[in-house]
Amino acid sequence: MSKEFIVYNTLSRKKEVFKPITPGYVGMYVCGPTVYGEAHLGHARPAITFDLLFRYLKSQGNKVRYIRNVTDVGHLVNDADEGEDKIEKKARLEQLEPMEVVQHYTLSYHKNMEQLNTLPPSIEPRATGHMMEQIDAVKKILENGYAYEANGSVYFDVEKYSQDHDYGKLSGRKLEDLLENTRELSGQSEKRNSADFALWKKADKHVLMKWDGPWSEGVPGWHMECTAMSTKYLGQKFDIHGGGSDLKFPHHEAEIAQSVSAYGSESVNYWMHNNLITINGQKMGKSLGNFITLNEMFSGSHDLLEQAYSPMTVRFFMLQAHYRSTLDFSNEALQAAEKGLDRLMKAVELVGKLNASEKSSVDVAKLMDDVYTAMSDDLNTPIALAHLFEGVKWINAIHAGHQTISAQDIEELKSFLNTIVFEVLGLKIEEEAAAGGDEKLGQTIELLLKLRGEAKARKDWDTADQIRDELKAIGVIVKDVKDGFEWELAE
RNA sequence: GGUCGGUUGGCCGAGCGGCUAGGCAGCGGUCUGCAAAACCGCGUACGGCGGUUCGAAUCCGCCACCGACCUCCA
């Protein structure tokens, strides 16, 4: 079902009709992780948001090139001259080669992303693999007069840029305000202006991660990699750039300035930003030390967690809120998500078992339209899910004999749910030992339940209840339905 | 201090001028030998004070509180 796609563009602060540069083809670039630590709940938000966008755009018939970078150098601990590279610092503390740190956390990130059922991006470029491209871009900016060299480092000249362009247009900042907020960080004397940012940073002798550049042995500034790599793989003009809202300034603002300075025009048509995960109303983040890693979520090993939450519970939890809203973490909310997801998935499984009637008392076409309309409105997953739960209600009601559905509508609904739930929303069934998982176990349970059925038939309630209770103790939940039984494994 | 955003029923979370959002929890009922599941019904929420309007959670103003960004952060 194809609909006009509406996206909220951070640049215009409005919802806009999405028009790809080349109809049918979409290029999107999303800021990925700096791999110096384990991924936490906060990393899951953009990953899931833009995975959803990727899946949605593909479901609408687009061919999508999705680029998500891995930052493996150049991200300094702070802005001061002695600011150490985050990865190198971690390597020093752990007595590892920086690339060992990179490798370790990249693999860990990939594993977590796979658990969350996010599709791998089309290309996942690394900063260290694109030194030439970054150096070239810095050269261009220098040639065009928007940067200056100082003592082996190169800085972007924000004041100069502001004379010709609007620095701050994305994040709503004014240069005067930025200049007023002078932070007296030591060692910033190289910069002409406190608002200037490094494009190339000369490295100290003892620094391990450094490259031969035209200006010194050093590293590219953090903002450079995205400009260089997005241009390389998507061109100087592309459709969508995404990332966490905390990256708007300075990171994305700097990217815009770099593109304009290097190539003469802005490269991004639609900027999309996911909001942050909060915990007790406060941003969850490394700098605040209040983050929960994904591994901790999945295993329940964190003081704030009352239990483990599965990857799909986390994904569903995030889908229940709009991506531009903050989402507050709490055990209560996660538990609600777990149950809601369970109800949805059970209904999806139940569709195939429904009995067809002559006519439908439910309107499948309207349901489909409602869901796709919600998705097309800036990926409004909470609304889409609300409609899907209407479908859940129908399915259960049909199963209970209160509503009817035609054979054709069953097929329609089944195929629709498979598409929207599994392919677009990216949910999956995650019971490890579901009914078909272990055939012998299934047969054994069925045998016991058959015996229980016979006990019930002769009104031997004690035996019937004993079988049910003891199965429950083992972790098999028995549900009687008319003319038989159903069972499932407890979590 | 500057810029931006938020404050919705027990919890989470949509809505953005009139129409039941939804999930979870709770209450009542149906079904059932009992239970579970499911189904049906129930809550009359929109930070405060004014204003605009026939009508405001939704628009405007003021106030209060919370948060994000302005260093690094998804």
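The structure presented is a predicted model; accordingly, all values stated were derived computationally and were not measured. All chains are named by letter (A, B, ...) in the order of the sequence lines, taking the proteins before the strands, and each is independently numbered beginning at 1.
For A:K428, the NZ atom sits in a packed shell: over 12 heavy atoms of surrounding residues, nucleotides or ligands are nearer than 6.0 Å. Surrounding CD of A:E114 are at most 12 heavy atoms belonging to other residues, nucleotides or ligands under 6.0 Å away. Residue A:K160 places its NZ atom among more than 12 non-hydrogen atoms of other residues, nucleotides or ligands, all under 6.0 Å distant.
Following rounding to the nearest Å, A:L385 (CG) and B:rG23 (P) show an atom-to-atom distance of 11 Å. Separating the CG atom of A:L334 from the P atom of B:rG13 is a distance of 11 Å, rounded to the nearest angstrom. Per the geometry, CG belonging to A:L379 stands 14 Å off P belonging to B:rA14, to the nearest Å. As rounded to whole Å, 17 Å separates atom C1' of B:rG13 from atom NZ of A:K339. Regarding A:F485, its CZ atom lies at a distance of 17 Å from the C1' atom of B:rU32, rounded to whole Å. Computed from coordinates, the A:F316 CZ to B:rC12 C1' distance equals 11 Å when rounded to whole Å. Here B:rG23 presents its P atom at 16 Å from CG of A:L425, a figure rounded to the nearest Å. The nearest whole Å value for the distance from the CZ atom in A:R324 to the P atom in B:rC16 is 12 Å.
Judged as a side chain to side chain contact (heavy atoms under 4.5 Å, CB included), and not counting sequence neighbours, the contacts of A:E332 are A:S330. Contacts of A:S325 classified as side chain to side chain contact (heavy atoms under 4.5 Å, CB included), with partners at least two apart in sequence or in another chain: A:H322. Looking at residues two or more places apart in sequence or on another chain, you find no side chain to side chain contact (heavy atoms under 4.5 Å, CB included) involving A:K393. Among residues two or more places apart in sequence or in another chain, the side chain to side chain contact (heavy atoms under 4.5 Å, CB included) test is passed with A:A308 by none. Residues forming a ring-ring contact (aromatic ring centres under 6.0 Å, His included) with A:Y109 (at least two apart in sequence, or on another chain): none.
For the pair A:R68 and A:F50, the cation-pi test (distance below 6.0 Å, angle within 45°) is failed. Remark: A:K286 qualifies as a cation-pi partner of A:Y36 under the 6.0 Å distance and 45° angle criteria applied to the six-membered ring.
Between B:rG10 and B:rC62, the two C1' atoms lie 32 Å apart (nearest whole Å). A gap of 12 Å separates the C1' atoms of B:rC60 and B:rU53, to the nearest Å. A distance of about 26 Å separates the P atoms of B:rC40 and B:rC11, rounded to the whole Å. A distance of about 15 Å separates the C1' atoms of B:rA57 and B:rU20, rounded to the whole Å. For the P atoms, the distance linking B:rU71 with B:rC12 amounts to 32 Å, nearest Å. Spacing of C1' atoms, B:rU8 relative to B:rG47, comes out at 10 Å, to the nearest Å. Comparing B:rU44 with B:rU32, their P atoms are spaced 32 Å from each other, to the whole Å. Taking the P atom of each, B:rC49 and B:rA56 are spaced 15 Å apart, rounded to whole Å.
Checking A:T373 against A:K3 by side-chain atom types alone, a donor-acceptor pair falls below 3.5 Å. If you check the side chains of A:W200 and A:Q134, you find no donor sitting under 3.5 Å from an acceptor. A side-chain donor-acceptor contact under 3.5 Å links A:Y155 and A:E190. A donor and an acceptor atom, one from each side chain of A:S171 and A:R173, are located under 3.5 Å apart. A:E225 and A:N69 form a side-chain donor-acceptor contact under 3.5 Å, judged by distance and modelled atom types alone. Remark: the A:S357 side chain and the A:N355 side chain contain no N/O donor-acceptor pair separated by less than 3.5 Å.
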Sugar-phosphate atoms are those with a prime plus P, OP1 and OP2; base atoms are the rest. Using that split, label each nucleotide of nucleotides 33-44 of chain B B, S or - for protein heavy atoms under 4.0 Å, 5' to 3'. BBBBSSSS----
Nucleic acid footprint by protein, nucleotides 64-69 of chain B - heavy-atom cut-off 4.0 Å, B for base, S for sugar-phosphate alone: ---SSB
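Taking the six-membered ring for Trp, A:Y309 and A:F317 have ring centres at least 6.0 Å apart.
When each of A:Y323 and A:H387 is assigned the nucleotide of RNA chain B bearing its nearest heavy atom, the one mapping closer to the 5' terminus is A:Y323.
Within residues 33-42 of chain A, the residues that have a heavy atom under 4.0 Å from RNA chain B are, in order of number, A:H40, A:G42.
Applying the salt bridge (Lys or Arg N to Asp or Glu O under 4.0 Å) test to every pair with at least one member in residues 375-392 of chain A, sequence neighbours left out, gives these pairs: A:K15-A:D377, A:R324-A:D378.
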Restricting to nitrogen or oxygen on both sides, can you table the protein-nucleotides 18-20 of chain B pairs closer than 3.5 Å?
none

For nucleotides 8-11 of chain B, give me every protein contact, N/O to N/O, under 3.5 Å, one pair per line with atom names.
from: B:rC11; atom 1: O2'; to: A:E332; atom 2: OE1; distance (Å): 3.4

Is there a salt bridge (charged side-chain N to carboxylate O under 4.0 Å, His left out) between A:K339 and A:D342 once you walk through the steps? CA-CA 5 Å; A:K339 287 180 184 161; A:D342 189 50; over 6 Å; no
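The side chain of A:R45 approaches B:rA74 more closely than any other nucleotide in the set B:rG23, B:rA74, B:rA14.
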For RNA chain B, the expected dot-bracket line (Watson-Crick or G-U under 3.5 Å, [ ] crossing, | inter-strand) is (((((((..(((.....[...))).(((((.......)))))....(((((..]....))))))))))))....
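The shortest side-chain heavy-atom distance between A:F389 and A:R343 falls under the 4.5 Å cut-off.
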